[in-house]
Amino acid sequence: MSITLRGSNAIVTGSSRGIGRAIALELARRGANVVVCCQSRVDAALEVKEECEAMGVRALVVQSDLATEEGCRLVADRCVKELGGVDVLVNNAGIGQFAPVHQLESEAIERTLRVNLFSYIYMSKYAVGDMIERQVPGCVINISSVVSMIGASGMSVYAASKGAITGFTVCLAREVARYGIRVNAIAPGYVETELIAPFPDDYRAKVIKRIPMRRFGEPNEIARAIPFLVEDATYMTGQTLVIDGGILIE
Ligand code: NAP
């Protein structure tokens, strides 16, 4: 048994821009109703909502700080109350800390872990709870990063949050398999979004030399894997799908 996207309800955290935006639009294109989430860019989120609605699905915007449990619960509650339940959860919201750990303030370290890791846990807690209650063979997809596998200087805290997601994905998959719920992760390589905009030109050039395909990815090249994981990968759970232009095999 698996979910059909058409008519399903999907939460995509961090979908006001970047990879999350591309995922929200891809899901809407496949007929899913979408909860578009943002922290502060409400205007951008409203544009994504309108683009989704133009494809004939229902969409709503929820603004909340996912660094808090309350912010996570709000998103799940709105999806349940306004759309009728959560069928698909894409944990995608994330922030980066591009500095060596000895130069980071504790506030920045803790916030990175709260947004990149705790929000995935709390969002899963509430979404999976709803799926189990409604006996829906739902899907959770966690956006991780290939950086936790290949290493990159100045990204240790970010990588810690992403590496933890691998363990969370594997164990949650085991916990919920009995309910027909599947949990997988995607580990993108470098993707052209605002997250990596602070990279200086010389650093970008150095990174591109490490990538066999010699370019950064585009958000929709990550988003296109989501319908595969939800609808087609019916015997796949606890796995991480690497989409990185080959950087891991270099
Ligand atoms: P992005 O363009 O910077 O977008 C980040 C999104 O997360 C925005 O929608 C932002 O909302 C939201 N967000 C940030 N902090 C939040 C908070 N406290 N509460 C709620 N929402 C919050 O990032 P991206 O590049 O698309 O990255 C998306 C995911 O892919 C992240 O998990 C990232 O680690 C992962 N990833 C990215 C790359 C890459 O190269 N870009 C590579 C590997 C993995 P606002 O718009 O309201 O600020």
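Whatever order the structure lists ligands and atoms in, that order sets their numbers, starting from 1.
Contact annotation for F199 and ligand 1: no heavy atom of the residue comes within less than 4.0 Å of the ligand. Using a 4.0 Å cut-off between heavy atoms, V115 contacts ligand 1 through its side chain alone, with no backbone atom that close. Contact annotation: for S144 versus ligand 1, heavy atoms closer than 4.0 Å belong to the backbone alone. Contacts between I196 and ligand 1 below 4.0 angstrom, taking non-hydrogen atoms only, involve the side chain exclusively. Under 4.0 Å from ligand 1, not a single heavy atom of F216 appears. Looking at A44 against ligand 1, nothing comes within 4.0 Å, counting heavy atoms. If you look at I222 next to ligand 1, there are no close heavy atoms at all, none under 4.0 Å. Using a 4.0 Å cut-off between heavy atoms, K162 contacts ligand 1 through its side chain alone, with no backbone atom that close. Residue contacts with ligand 1, taken as heavy atom pairs separated by less than 4.0 Å, do not involve A45 at all. The proximity of L195 to ligand 1, defined as any non-hydrogen pair under 4.0 Å, involves the side chain as well as the backbone.
Of the options L83, V12, N9, a side chain to side chain contact (heavy atoms under 4.5 Å, CB included) to V35 is made by L83 and by none of the others. Among the candidates I3, L172, T237, V176, the single residue satisfying the side chain to side chain contact (heavy atoms under 4.5 Å, CB included) test with R182 is T237.
Taking the six-membered ring where tryptophan is involved, the planes of F98 and F199 are perpendicular, since the angle between them exceeds 60° and thus also 30°. Ring planes of Y122 and Y126: parallel class, angle under 30° (limits at 30 and 60°).
Polar contact check, S145 against ligand 1: no nitrogen or oxygen pair lies under 3.5 Å apart. The distance criterion of under 3.5 Å between nitrogen or oxygen atoms is not met by Y190 with respect to ligand 1. Checking only distances, V146 never comes within under 3.5 Å of ligand 1, N or O to N or O. At least one N or O atom of V191, backbone or side chain, sits closer than 3.5 Å to an N or O atom of ligand 1. Of the N or O atoms in L66, one or more lie within a sub-3.5 Å distance of an N or O in ligand 1. Looking at G14 next to ligand 1, an N or O pair under 3.5 Å apart turns up.
A donor-acceptor pair shorter than 3.5 Å can be found between the side chains of S124 and N91. Remark: the N142 side chain and the T169 side chain contain an N/O donor-acceptor pair separated by less than 3.5 Å.
E51 contributes no side-chain N or O that, together with a main-chain N or O of L25, makes up a donor-acceptor pair within less than 3.5 Å.
The closest protein non-hydrogen atom to atom 36 (N) of ligand 1 is Y158 OH, 3.5 Å. The closest protein non-hydrogen atom to atom 22 (C) of ligand 1 is Q39 CB, 3.6 Å. The nearest heavy-atom contact from the protein to atom 9 (O) of ligand 1 is S16 OG, 2.7 Å.
Taking 4.0 Å as the cut-off, R21 does not count as a neighbour of ligand 1 on heavy-atom distance. At a 4.0 Å cut-off, not a single heavy atom of G71 sits close enough to ligand 1 to count as contact.
I141 is not listed as a side-chain neighbour of L89, based on a closest heavy-atom distance of 4.5 Å or more. Taking 4.5 Å as the limit, some side-chain heavy atom of R224 sits within range of a side-chain heavy atom of E26. Inter-residue side-chain proximity for T13 and S15 is flagged as unmet; no heavy-atom pair is nearer than 4.5 Å.
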Exercise. Taking it one step at a time, do R41 and E47 satisfy salt bridge (charged side-chain N to carboxylate O under 4.0 Å, His left out)?
Worked result: CA-CA 10 Å; R41 307 262 192 103; E47 276 177 31; over 6 Å; no
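The pair R114-D65 does not count as a salt bridge, with every side-chain nitrogen at least 4.0 angstrom from each carboxylate oxygen.
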